[in-house]
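Report on the structure given below.
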Amino acid sequence: MSARLPKTVLASVPSMVPAGYEVRELSATDAEVMAEAYRRNSEHLAPWEPIRPAGFYTVSGQRDVIRQRLEDQRQGRGGSWVLADGEAIVGQVTLSNVVRGVFQSCSVGYWVDGDHTGRGLGSALLEVACETARSWELHRVEAATVLRNVASQAVLAKCGFTWIGTAVDYLFIAGRWQDHRLYQRLPHDGPPASASASG
Ligand SMILES: CC(C)(COP(=O)(O)OP(=O)(O)OC[C@H]1O[C@@H](n2cnc3c(N)ncnc32)[C@H](O)[C@@H]1OP(=O)(O)O)[C@@H](O)C(=O)NCCC(=O)NCCS
């Protein structure tokens, strides 16, 4: 599994992303702009994320986060792409928890800068992620939203995700275990590449 946006996805990105923005791979050199983006958006993201330690908002903290994400990509566990507005990063989408065998599933997480919402960017990020999952021959992409995150639920519905149920105390978000609505989209229907070998 390549860490880069697959060629088929790369070719279609401009038609998915609103004019003036670019989706590109997360890079080891992004620590400073990522730290700035998270500092700008700390209040906007706080209700939907784990409580971040102070170090998370520093360049060295982001260097560690990015190093881990890039290692996950190398190991085939996921991938992460950023939404760029010139030099600034104004959003991100991440595929994680890739499980192969008979599951062929992964999780998706995403955010858009509070000053850039309502322009179709969240939808664009999800489309890029789902197209990438399809190119990786992943059958399923799962998303989980806090019950009151209506913006996220609206984006998922628009992007063809189906609500599959509610999980009690599912993730430790904003300092407590919170119930989540779970969604899935099935971008790839072929059999697992290693179907005969998997359990
Ligand atoms: C959720 C989030 C990514 C949405 O990004 P966005 O760029 O505003 O989304 P889009 O512009 O693509 O909107 C897609 C659809 O959702 C709808 N929508 C977006 N925000 C909404 C809101 N607050 N209430 C109702 N509908 C909303 C839009 O109207 C649009 O539907 P339409 O095209 O039929 O009008 C953004 O609000 C965000 O980053 N929130 C904080 C982080 C977060 O919640 N991440 C997800 C965790 S599960």
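For the numbers below, each heavy atom of this structure counts, side chains included, while hydrogens, waters and symmetry mates do not. When a ligand or atom number is given, it counts from 1 through the structure's own listing order.
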| said: Among residues at least two apart in sequence or on other chains, which ones pass side-chain contact (heavy atoms from CB on, under 4.5 Å) with R119? | reply: Y21, H116, L121
| So, E127 and R185, do they make that salt bridge, N to O below 4.0 Å? | yes
| Test: R69 and D72 ion pair at under 4.0 Å | no
Ligand 1: protein N/O within less than 3.5 Å of ligand N/O:
from, atom 1, to, atom 2, distance (Å)
ligand 1, 7 (O), G122, N, 2.8
ligand 1, 8 (O), G118, N, 2.8
ligand 1, 11 (O), R119, N, 3.4
ligand 1, 11 (O), G120, N, 2.8
ligand 1, 12 (O), S123, N, 2.9
ligand 1, 12 (O), S123, OG, 2.5
ligand 1, 33 (O), K158, NZ, 3.0
ligand 1, 39 (O), V112, N, 2.7
ligand 1, 39 (O), V112, O, 3.3
ligand 1, 44 (O), N149, ND2, 2.8
ligand 1, 45 (N), Y110, O, 2.8

| request: For S60, check side-chain contact (heavy atoms from CB on, under 4.5 Å) against everything at least two apart and list the hits. | output: T58, R63
Return all side-chain donor-acceptor pairs below 3.5 angstrom for residues 90-97, not counting sequence neighbours, or 'none' if the list is empty.
from, atom 1, to, atom 2, distance (Å)
Q92, OE1, Y38, OH, 3.2
Q92, OE1, W111, NE1, 3.3
Q92, NE2, S80, OG, 3.0
T94, OG1, S80, OG, 2.9
N97, ND2, S107, OG, 3.3

| note | Smallest heavy-atom separation, T145 atom then S152 atom, equals CG2-OG, 3.4 Å
